Q: 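The structure's right below; bear with me while I get my questions together.
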Amino acid sequence: MRFKVKLGGIAFLALASSLSTAETLRVYNWSDYVAEDTIAQFEAKTGVTVVYEEYESNERLDRELRTASEAWDVVFPSDNFFVSQLRDGLFTPLKKRNIPHYYTNLDRGFLARMQTDIDPGNRFGLPYLWGTTGIAVDRAKVAQVMGPDFSFTSWGQLFDPVNLRKLQRCGVNFLDSPDEMLPLALLALEKSPNSDSTADIQEAINLVKRASSYVQFSMEDFEDGLTSGETCVTVAWNGDVIAAFAEVDNGDNYEYVIPDEGSILWIDMVGIPANAANPERAHEFINFLLDAEVNAAIVNEIAYPSAVRAAEQFVDPEVQTNEGIYPTDSVRSRLIIPAADSDEILELKLRGWLSIRGADWTAE
Ligand code: SPD
């Protein structure tokens, strides 16, 4: 694992505008989701200027794709959002002959799963990276406010106002997204995170609402908030916090926990929007990301496991053996992959989130 460097979308934009005659490729990705030099390597190899911007949530990408305020050539939706985006014609079929690594390097198990539940025929997207959602903790600070014997073994503890009243003294962060938080609230209520019962979902909304006065909500740099001491607990995606723990001297003071009732295993896809201006180079870029060594460099730096089986041989042993990054079989058996929500359920969750966060809430 190496240190993580924030990619400056603005710097990429500035470069792109200064070279306005150069061919450009517009890539819209989750924050910190390539290695420090991935984009520069692609630019050097192809002569293409990459306009690279980042988002923090599926809701944000979904809105961008649907309003088409800007046309992107390559984007990375989670699989549960990809289903309705496909149904609504937002993606173009992949020309797999232009992605030769598709056939040689990808894990067939992931493709089989996508083919069944997400993207029949694997026509529009392919799996990129995957991960889990858990609770990241500053052990020393939590021990100070909760006592030395406290540990997070259930999601219920995280949403419990009695605990939150104490923990707010050192700072608690929730991810600012209904797609991220409501499945966890459902787990805390001992319901399926994929429940489509309106009563269950309303209960989950109410649970987050009760917790909301004790916590802050942010998707951006939640890992830095923890290691800088701004918070002592944050809901987190594994790779971001594990990479951050490796960057600080007192990394052992932090831990990433999957509670006993389990959690979410998510898969982020990559695809080419229907309105892409440069689909040819988009295929080339996707093929580049599937290169075994390029992909392993990404995994080694950002600490998320990949769907590129051929990359495994180049992944550092310290990454491969990190159980926060690659969950053990026992943890895996308690992980649930989010199902795609119907439009009605998405609407209910969004309305619920606005009732928690305020009517002018916008996704990061
Ligand atoms: N640093 C960004 C990591 C990308 C996470 N994608 C998470 C999707 C979970 N629903």
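Whatever order the structure lists them in is the order used to number ligands and atoms, beginning at 1. Bear in mind that the values here come from a model prediction, so they are computed numbers and not experimental data.
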Q: Near ligand 1, which protein residues have a heavy atom under 4.0 Å away?
A: Trp30, Ser31, Asp32, Tyr33, Asn58, Ser78, Asp179, Glu180, Trp237, Asp240, Trp266, Asp268, Tyr304
Q: Find the distance between CG (Leu65) and CG (Asp88) and round it off to the nearest 0.5 Å.
A: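 Going from the CG atom of Leu65 to the CG atom of Asp88 covers 10.5 Å.
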Q: How about Lys96: does its NZ atom have over 12 heavy atoms from other parts shown lying under 6.0 Å from it?
A: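 Yes.
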Q: What pairs of residues pass the salt bridge (charged side-chain N to carboxylate O under 4.0 Å, His left out) test when at least one of them lies in residues 109-134, not counting sequence neighbours?
A: Asp79-Arg113, Arg113-Asp117
Q: Are Tyr128 and Tyr33 close enough that their ring centers fall under 6.0 Å?
A: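 Centroid separation for Tyr128 and Tyr33: below 6.0 Å.
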Q: I would like to know whether Val208 and Trp353 meet side chain to side chain contact (heavy atoms under 4.5 Å, CB included); could you show each step before the answer?
A: CA-CA 9 Å; Val208 179; Trp353 203 251; 3.9 Å; yes
Q: Looking only at side-chain N and O atoms, does Gln202 offer a donor or acceptor that is under 3.5 Å from a partner on Asn206?
A: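 There is such a pair (donor and acceptor under 3.5 Å, judged by atom type) between the side chains of Asn206 and Gln202.
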